[in-house]
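First comes the structure, then the notes that go with it.
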Amino acid sequence: MPKINADRLLSDLRHLRSIGAVENGVVRPAFSEKDMEARHWLKGQYESAGLEASIDGVGNVLGRSKNDGKALLIGSHSDTQPTGGWLDGALGVIYGLEVARALAEDPETRHLAVDAVSLQDEESRFYGCMGSRSLCGEFTAEMEADAQDKDGVRLTDALAAAGLAGVPRERLDPERYVGFLEAHIEQGPQLENDGLKIGVVTSIVGLGGRRFSFHGQQNHAGTTMMAIRKDASAALYALAAAINEEFPKVAGPRSVWTMGRAVIAPGAASIVPGYAELDLQYRDPDTAVLDRFEETAARLVDEINGRGGATVESAPTRVRLAPSHMDEGMRAKIGQAAEANAPGQWTEMPSGAFHDAGVICSTLPAAMLFIPSIGGISHDFAEDSHDNDIVLGCQVLADAAAGILADR
Ligand code: HGY
Ligand code: MN
Ligand code: MN
């Protein structure tokens with residue numbers, strides 16, 4: 001079976017980490033100067049690995065094998081959260097590069113076709129999984145025209161600044177591929193807590209989000225009696241409390257919801273706020289639960305509007321991402337490779353994080369593997385994994401890739 005080069009793998013991961021490094025983490029939001037620097041570096045690495053490489057019109061970096069026959073696409077995303085960890089996405093991108101090289105260096109597998117990819121804006125600066133949606137023909141002109149980041153930067157301007165305006169956009173050809181493999185850090189505590197080394201992903205959560213905008217009357221905090229106030233922040237707090245009260249009644253066993261962003265304006269202690277915003281994100285493996293969250297939120301909004309104080313409007317912050325199931329045959333190949341490399345130290349598990357595989361599975365058979373996250377921490381500068389777990393995960397992926405391609 002192909003042997004990955006551990007030193008080369010770790011050296012490339014550490015080089016990618018250095019692009020946008022801040023303390024122990026990385027700040028490389030989609031289309032930022034550091035993001036594009038990383039993408040141009042990756043394009044060079046793909047070329048050095050013998051792949052035909054390109055950066056498409058939304059920033060996806062694609063390295064295509066020159067070998068004949070159906071290919072396996074392997075990768076993830078190299079953009080990061082605003083305060084991102086060094087492995088979220090980057091692990092799967094560099095694994096794709098390393099697996100392409102390892103199979104090319106082994107006489108038994110050098111005829112097999114591995115394409116490598118770094119997808120764009122998985123972390124939703126403008127649109128969650130924009131790059132994989134674009135590859136699958138699911139990023140429409142309307143979505144693009146409306147897209148702007150939390151600071152009001154328009155996507156069209158970011159594309160132009162990154163030198164991508166008018167650049168052709170790639171589309172995945174289902175005839176070319178046997179499937180898509182994505183490796184990722186678990187971003188949770190299960191593998192580490194259970195003393196396991198590999199997770200074979202069974203399903204990926206679905207995800208929805210809404211932004212609530214509160215419109216009140218800005219006024220003096222001393223002379224405006226409580227009975228006549230139209231306090232936008234009071235309505236925000238009331239809605240947030242009601243969500244935390246009502247959502248558990250309609251939730252499933254793996255439901256999560258987060259209100260991670262709030263704006264209260266003008267944000268002064270002696271002013272009754274006239275405007276506020278609250279972002280809500282909710283996730284569940286079951287579409288029916290996501291529907292119930294949306295129905296409950298709509299009911300609570302109506303109740304707030306019925307009170308006569310500040311009024312609230314509700315709008316989606318993203319196109320909902322449906323729950324998805326990974327390909328059984330590819331999962332079995334990952335399981336066989338895990339058993340060969342880490343006997344008894346692997347498990348099948350659902351993903352509470354969303355991933356590009358959850359989009360690409362609508363176009364190609366897709367599967368994922370996880371490696372352990374130290375302390376289960378992610379989306380934080382403290383995110384990390386042990387070197388031996390990183391190296392083991394890549395070897396498992398290489399063996400799984402060889403197994404999948406051998407059957408094509
Ligand atoms: O939020 C997520 O699940 C992914 O890490 N962007
Ligand atoms: Mn992430
Ligand atoms: Mn990720």
Side-chain angles (χ1 to χ4, degrees), residues 13 16-17 20 25-30 32 35 38 42 59-61 74-96 117-133 149-150 180-191 199 201 203-210 254-261 279-285 290 317-324 326 349-361 366-373 376-385 390 393 397:
L13 267 173
L16 181 52
R17 178 182 202 170
V26 179
V27 176
R28 218 173 35 226
S32 61
D35 174 55
L42 281 167
N60 292 314
V61 193
I74 306 178
S76 189
H77 61 94
S78 55
D79 62 289
T80 71
Q81 283 282 331
T83 49
W86 73 287
L87 288 168
D88 178 354
L91 182 94
V93 168
I94 300 299
Y95 273 19
V117 67
S118 172
L119 299 155
Q120 180 59 294
D121 203 14
E122 189 278 345
E123 297 289 11
S124 192
R125 177 185 171 193
F126 291 100
Y127 233 104
C129 298
M130 181 204 307
S132 47
R133 290 176 194 257
D149 72 4
K150 61 181 173 52
F180 172 65
L181 269 184
E182 181 172 10
H184 208 283
I185 49 172
E186 180 199 340
Q187 299 182 294
Q190 184 182 334
L191 292 173
V201 175
S203 63
I204 299 175
V205 283
L207 189 154
R210 300 196 73 80
R254 293 188 68 91
S255 294
V256 290
W257 59 91
T258 312
M259 291 177 264
R261 177 183 172 274
D279 282 9
L280 167 68
Q281 185 194 88
Y282 37 90
R283 305 184 187 207
D284 196 90
L290 297 175
T317 51
R318 58 193 300 159
V319 171
R320 191 201 280 189
L321 289 164
S324 57
M326 298 292 96
M349 60 190 290
S351 174
F354 196 80
H355 300 286
D356 289 300
V359 170
I360 294 178
C361 69
M368 291 191 76
L369 77 75
F370 282 162
I371 71 163
S373 293
I377 294 171
S378 182
H379 283 192
D380 184 283
F381 285 169
E383 176 188 287
D384 204 356
S385 294
I390 291 172
L397 194 73

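In each ligand, atom 1 is the first atom listed, and ligand 1 is the first ligand listed. One-based numbering along the sequence shown.
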The Mn ion (ligand 2) to His379: nearest N/O/S atom name: NE2
Pairwise distance CD1(Ile204) to CG(Leu321) - rounded to 0.5 angstrom: 10.0 Å
Any Leu119 side-chain heavy atom under 4.5 Å of Ile360 side chain: yes
Which N/O atoms of ligand 1 sit under 3.5 Å from a protein N/O, and at what distances?
unit_1, atom_1, unit_2, atom_2, d
ligand 1, 1 (O), Arg283, NH2, 2.7
ligand 1, 3 (O), Arg283, NH1, 2.6
ligand 1, 3 (O), Arg283, NH2, 3.3
ligand 1, 3 (O), Phe354, N, 2.6
ligand 1, 5 (O), His379, NE2, 3.0
ligand 1, 6 (N), Glu122, OE1, 3.1
ligand 1, 6 (N), Glu122, OE2, 3.1
ligand 1, 6 (N), Glu123, OE1, 2.8

Donor-acceptor pair between His77 and Asp121 side chains, under 3.5 angstrom: no
Student check: side-chain heavy atoms of Leu13 and Leu87 closer than 4.5 Å: yes
Check: Ser132 side chain, Val359 main-chain N or O, donor-acceptor pair, under 3.5 Å: no
If only protein N, O or S atoms under 2.8 Å count, total around the Mn ion (ligand 3): 3
Short side-chain to backbone donor-acceptor contact, Ser373 and Gln187, under 3.5 Å: yes
CA sep, side-chain torsions, deciding dist, call: Ser76, Glu182, side chain to side chain donor-acceptor pair (under 3.5 Å): CA-CA 6 Å; Ser76 189; Glu182 181 172 10; 2.6 Å; yes
Arg125, Gln120, Arg28 screened by side-chain hydrogen bond (donor to acceptor under 3.5 Å, both in side chains) with Asp35, the one that passes: Gln120
Sidechain-backbone polar pair: Arg283 side chain, Arg254 backbone, donor-acceptor under 3.5 Å: no
Exam field: side chain Asp88 to backbone Ser378, donor-acceptor pair closer than 3.5 Å: no
